[in-house]
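Only heavy atoms go into these numbers, but all of them, side chains included; no hydrogens, no water, no symmetry mates.
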Amino acid sequence: MGKNVYIENISKYIGKEVEIRGWLYNRRSSGSIIFLLIRDGTGIIQCIVSKNDVKPEIFKSAQNVTQESSLIIKGKIRKEERAIGGYELFTNNIKILQIVSDYPITPKSHGVGFLMKNRHLWLRSKRQHAILRIRAEVIKASRDYLDNNGFINIDAPILTPAACESTSTLFETKYFDQMAYLSQSGQLYNEATIMSFGKVYCYGPTFRAEKSKTRRHLMEFWMIEPEMAYFDWEDNMKLQEDYVTYIVQTVLNKRKSELHVLNRDLSKLENIKPPFPKISYDKAIDLLRKKGKDIGWGEDFGGDEETIISESFDKPVFIHHYPMQCKAFYMKPDPERPEVSLSNDLIAPEGYGEIIGGGQRVDDIKLLKKKIKEHNLPMDAFKWYLDLRKYGTVPHSGFGLGIERIVAWMCKLKHIRETIPFPRLLYRIYP
RNA sequence: UCCCCGGUAGCUCAAUUGGUAGAGCGUACGGCUGUUAACCGUUAGGUUGCAGGUUCAAGUCCUGCCCGGGGAGCCA
């Protein structure tokens with residue numbers, strides 16, 4: 001009895017004896033009464049150890065136990081307004097598994113460098129715990145939405161044979177007696193699998209060996225990439241709108257307490273419902289010029305431009321019909337206006353940048369060959385990709401959503417590094 | 001690759017025109033029966049990132065290097 005009780009369910013055990021297995025989060029004492037804050041992975045509960053009500057050796061244990069010591073504590077649960085979480089455990093026994101000395105992360109302030117060096121321990125703190133629970137919910141909501149809407153999860157390889165795209169820098173690795181590269185995207189493979197399954201998505205890590213050092217960039221990040229046969233660029237945007245709405249509303253419903261830990265303004269998220277504003281690249285240029293940004297037609301948007309655009313709307317905003325030169329070789333040109341593509345980005349509000357990039361793909365084999373040549377890509381490497389336009393080609397579209405970027409927005413974080421358990425950054429690959 | 005900023009106690013930071021390296025937190029010990037990053041008292045804790053230079057004297061000024069932070073470029 002009392003076993004397998006977790007703090008998140010503690011309200012079911014009022015008046016009952018339970019056993020909590022966890023770690024000491026903090027301790028306060030006032031002479032004959034000691035307050036132990038215990039965390040167990042699901043929450044934090046305040047435990048009272050009263051000198052007059054426990055055996056002397058139990059009280060002594062409570063005096064000696066230090067931050068992050070592992071322990072099993074037993075006692076009766078009661079409602080208590082004064083305690084964080086609203087419940088309290090009235091201790092009658094403590095079993096200490098390990099007394100910790102010199103835990104590096106104290107309840108006072110620390111700098112980023114120090115915390116990153118101790119990322120393996122930082123993850124135990126309340127804030128990091130909340131962020132990563134929200135991350136898990138974003139991923140779950142993402143998959144639930146797609147699984148419930150006729151998509152099948154077909155994952156793409158991480159080790160790939162050739163540099164499939166021009167400018168981006170790839171991480172190289174040995175593959176026995178040849179070279180291989182870590183995946184930058186599963187999209188090209190998705191384009192193959194939709195011809196078998198119709199609607200698919202892949203979910204996995206992607207790697208960019210770019211020497212970017214900003215709050216929006218990681219060297220290794222996770223992307224979910226849906227791809228759909230017989231979807232045009234407008235079907236594609238409609239799907240993105242529904243999908244992002246589902247993720248936001250699900251996190252809002254299921255992770256309120258975590259959002260509360262982060263002091264997130266919930267009204268900003270409650271507002272995220274269709275329709276999202278949709279503007280063409282041309283209109284976006286007009287908007288930027290109106291706001292005083294000197295930008296020429298054909299230039300891609302950087303962090304500054306994305307911020308200006310996102311701050312002009314209170315919902316995510318689609319920008320579509322980017323100039324061909326801003327996008328990858330496989331993006332389909334608008335038949336009416338071949339200098340622009342049937343592409344779109346989705347820019348998150350509140351100054352967060354691009355969370356989605358997508359578009360309709362080239363489905364004509366002649367045009368695709370031409371694009372591969374124009375981009376100086378090795379035709380041999382794309383033989384299989386060209387086959388997809390040779391054997392039953394169809395109009396198709398897809399997009400990629402950056403998990404860390406959307407989590408950063410949901411949590412309103414200053415830096416993307418807190419959205420992934422162990423971030424890989426330009427000058428940091430430890431721990 | 002470029003620009004800006006930083007490196008002083010375990011952590012967060014201070015140190016006037018170059019003039020005896022200091023505080024808070026944490027640790028250790030003690031006190032307190034309702035604490036909320038509790039509080040109060042006492043204690044210990046330092047080759048000021050590294051190397052060289054200027055000076056009677058360098059944490060402070062100069063040069064080089066190392067490490068880190070923010071940003072640009074880059075980024076389907």
Side-chain angles (χ1 to χ4, degrees), chain A residues 25-37 44 46-53 59 63-64 66-68 80-85 88 90 100-118 125-127 164-170 183-188 190-191 206-219 221 223 225 227 299-304 306-307 322 324-332 341 343-346 353-354 356-362 375 397-402 405 414-417 425-428 430:
Chain A
Y25 190 73
N26 200 1
R27 185 190 62 197
R28 291 182 284 271
S29 129
S30 182
S32 309
I33 184 165
I34 299 171
F35 301 89
L36 301 176
L37 290 181
I44 293 177
Q46 173 165 289
C47 304
I48 301 299
V49 188
S50 166
K51 194 170 190 171
N52 297 336
D53 297 314
F59 191 76
Q63 281 179 312
N64 291 338
T66 51
Q67 193 190 352
E68 289 306 317
E80 172 54 66
E81 293 290 318
R82 287 171 290 187
I84 291 165
E88 193 172 72
F90 198 80
V100 166
S101 50
D102 302 322
Y103 185 71
I105 302 179
T106 66
K108 295 287 175 179
S109 65
H110 299 284
V112 171
F114 177 78
L115 290 168
M116 288 306 303
K117 200 170 75 188
N118 290 288
S125 74
K126 219 192 267 183
R127 181 182 154 80
C164 285
E165 299 207 23
S166 46
T167 51
S168 309
T169 323
L170 294 146
S183 171
Q184 281 192 311
S185 163
Q187 184 212 308
L188 269 50
N190 277 349
E191 288 186 64
T206 57
F207 305 88
R208 306 262 165 112
E210 289 145 11
K211 297 207 166 176
S212 301
K213 194 163 150 39
T214 82
R215 67 187 67 222
R216 297 184 306 278
H217 289 90
L218 294 166
M219 305 303 110
F221 63 96
M223 213 165 34
E225 295 175 280
E227 190 78 20
E299 285 179 53
D300 202 359
F301 299 150
D304 273 6
E306 287 178 357
T307 301
Y322 278 86
M324 286 301 287
Q325 67 260 35
C326 297
K327 293 290 173 186
F329 72 96
Y330 49 69
M331 225 45 112
K332 187 177 170 82
S341 57
S343 57
N344 77 266
D345 283 357
L346 183 66
E354 178 186 342
I356 282 181
Q360 189 169 343
R361 322 302 190 189
V362 173
H375 284 78
S397 302
F399 63 93
L401 172 132
R405 292 242 178 121
K414 289 207 181 76
H415 200 295
I416 200 167
R417 65 185 156 222
L425 299 161
L426 186 52
Y427 295 122
R428 201 178 277 284
Y430 174 93

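- Minimum interatomic distance between Asn118(A) and Pro104(A) (heavy atoms only, all atoms of both residues): OD1-CG, 4.1 Å.
- Scanning both residues, Gln46(A) and Ala83(A), for their nearest heavy atoms gives NE2-CB, 3.9 Å.
- Distance from the side chain of Pro107(A) is smallest to rA37(B) among rC75(B), rA37(B), rG34(B).
- Checking rC61(B) for Watson-Crick or G-U wobble geometry (two distances, each under 3.5 Å) identifies rG53(B) as its partner.
- rG18(B) is unpaired under the Watson-Crick or G-U wobble criterion, no partner having all donor-acceptor distances under 3.5 Å.
- Put simply, the side chain of Thr106(A) and the base of rC25(B) share no donor and acceptor less than 3.5 Å apart.
- Arg417(A) has a side-chain polar atom (N or O) that falls below the 4.0 Å cut-off from OP1 or OP2 of rG70(B).
- Evaluation of atom-type donor-acceptor distances gives no pair under 3.5 Å for the side chain of Ser109(A) against the base of rC11(B).
- Residue-level contact check: Phe35(A) touches the bases, meaning some heavy atom is under 4.0 Å from a base atom.
- Nucleotides rC75(B) and rC13(B) place their C1' atoms 36 Å apart, quoted to the nearest Å.
- Dashed line: the shortest gap from a side-chain N or O of Arg428(A) to OP1 or OP2 of rG69(B) is under 4.0 Å.
- Using C1' as the reference atom, rC5(B) and rC74(B) are 22 Å apart when rounded to the nearest Å.
- Within 4.0 Å (heavy atoms only), Ser343(A) reaches no atom of the nucleic acid at all.
- Comparing Arg27(A) and Gly302(A) along RNA chain B, the residue whose closest nucleotide (by nearest heavy atom) sits nearer the 5' end is Arg27(A).
- Rounded to the nearest Å, the gap between the C1' atom of rG59(B) and that of rG46(B) is 12 Å.
- Here the closest non-hydrogen pair linking Phe399(A) and Glu227(A) is N-OE1, 4.4 Å.
- For Ser30(A), counting side-chain heavy atoms from C-beta on, the closest listed nucleotide (rC75(B), rC32(B), rA72(B)) is rC32(B).
- For the pair Lys327(A)/Asp345(A), a side-chain contact is recorded, criterion being any heavy-atom separation below 4.5 Å from C-beta on.
- Spacing of P atoms, rC4(B) relative to rG64(B), comes out at 13 Å, to the nearest Å.
- A gap of 11 Å separates the P atoms of rG18(B) and rU60(B), to the nearest Å.
- Computed from coordinates, the Ile416(A) CD1 to rG70(B) P distance equals 12 Å when rounded to whole Å.
- Looking at heavy atoms from C-beta onward, Leu425(A) lies in side-chain contact with Leu218(A) at the 4.5 angstrom threshold.
- Between rA9(B) and rG49(B), the two C1' atoms lie 15 Å apart (nearest whole Å).
- Here the nucleotide nearest the side chain of Gln46(A), chosen from rG34(B), rC74(B), rC32(B), is rG34(B).
- No engagement by Gln67(A) is indicated, since no non-hydrogen atom pair under 4.0 Å with the nucleic acid exists.
- Distances were taken from every side-chain heavy atom of Asp304(A) (C-beta onward) to each of rA72(B), rA37(B), rG34(B); the shortest belongs to rA72(B).
- The partner of rC25(B) is rG10(B), by the rule that a Watson-Crick or G-U pair needs both atom distances under 3.5 Å.
- rC50(B) sits 46 Å from rG31(B) when the C1' atoms are compared, rounded to a whole Å.
- Residue Gly111(A) is classed as a sugar-phosphate contact, given heavy-atom separations below 4.0 Å to backbone atoms only.
- Residue Asn26(A) is in sugar-phosphate contact alone, with no base atom involved, counting any heavy-atom pair closer than 4.0 Å across all strands shown.
- Residue Glu88(A) places a side-chain atom within donor-acceptor reach of the base of rG34(B), judged by atom type and a 3.5 Å distance cut-off alone.
- The P atoms of rC61(B) and rG7(B) are separated by 10 Å, rounded to the nearest whole Å.
- One can place CZ of Phe114(A) at 18 Å from P of rC25(B), the figure rounded to the nearest angstrom.
- Residues Leu37(A) and Arg28(A) are in side-chain contact: their nearest non-hydrogen atoms beyond the backbone lie under 4.5 Å apart.
- Distance CD (Glu81(A)) to P (rU35(B)): 15 Å, rounded to an integer number of Å.
- Atom CD in Gln63(A) sits roughly 12 Å away from atom C1' in rC29(B) (whole-Å rounding).
- Interface remark: the His110(A) side chain does not form any donor-acceptor pair with the rC11(B) base, using a distance-only criterion of under 3.5 Å.
- Atom CZ of Phe301(A) is separated from atom P of rA72(B) by 16 Å (rounded to the nearest Å).
- Side-chain nitrogen and oxygen atoms of Lys213(A) include at least one within less than 4.0 Å of the OP1 or OP2 phosphate oxygen of rG69(B).
- The pairing partner recorded for rG46(B) is none, the criterion being a Watson-Crick or G-U wobble arrangement whose two distances lie under 3.5 angstrom.
- Separating the CD1 atom of Ile105(A) from the C1' atom of rA37(B) is a distance of 14 Å, rounded to the nearest angstrom.
- Closest approach of Tyr427(A) to Lys213(A), counting heavy atoms only: CE1-CD, 3.9 Å.
- Nearest to the side chain of Lys211(A), among rU1(B), rG34(B), rC32(B), sits rU1(B).
- With rounding to whole Å, Glu299(A) atom CD is found 10 Å from rG73(B) atom P.
- You'll find that the side chain of Arg28(A) is closest to rU35(B), out of rU12(B), rC75(B), rU35(B).
- For Ile44(A) and rU35(B), the CD1 to C1' distance is 15 Å, given to the nearest whole Å.
- One donor-acceptor pair, N or O on each side, does fall under 3.5 Å between the base of rG73(B) and the side chain of Ser212(A).
- In terms of heavy atoms, Ser185(A) sits closest to Glu225(A) at OG-OE2, 2.8 Å.
- The side chain to side chain donor-acceptor pair (under 3.5 Å) with Tyr330(A) is formed by just one residue from the set Gln187(A), Arg361(A), Glu191(A); it is Gln187(A).
- Side chain of Glu210(A), nearest nucleotide from rG70(B), rG34(B), rC75(B): rC75(B).
- Heavy-atom nearest nucleotides on RNA chain B were determined for Ser101(A) and for Met116(A), and the one closer to the 5' end corresponds to Ser101(A).
- Taking a pair to require two hydrogen-bonding distances under 3.5 Å in either a Watson-Crick or a G-U wobble arrangement, rC74(B) remains unpaired.
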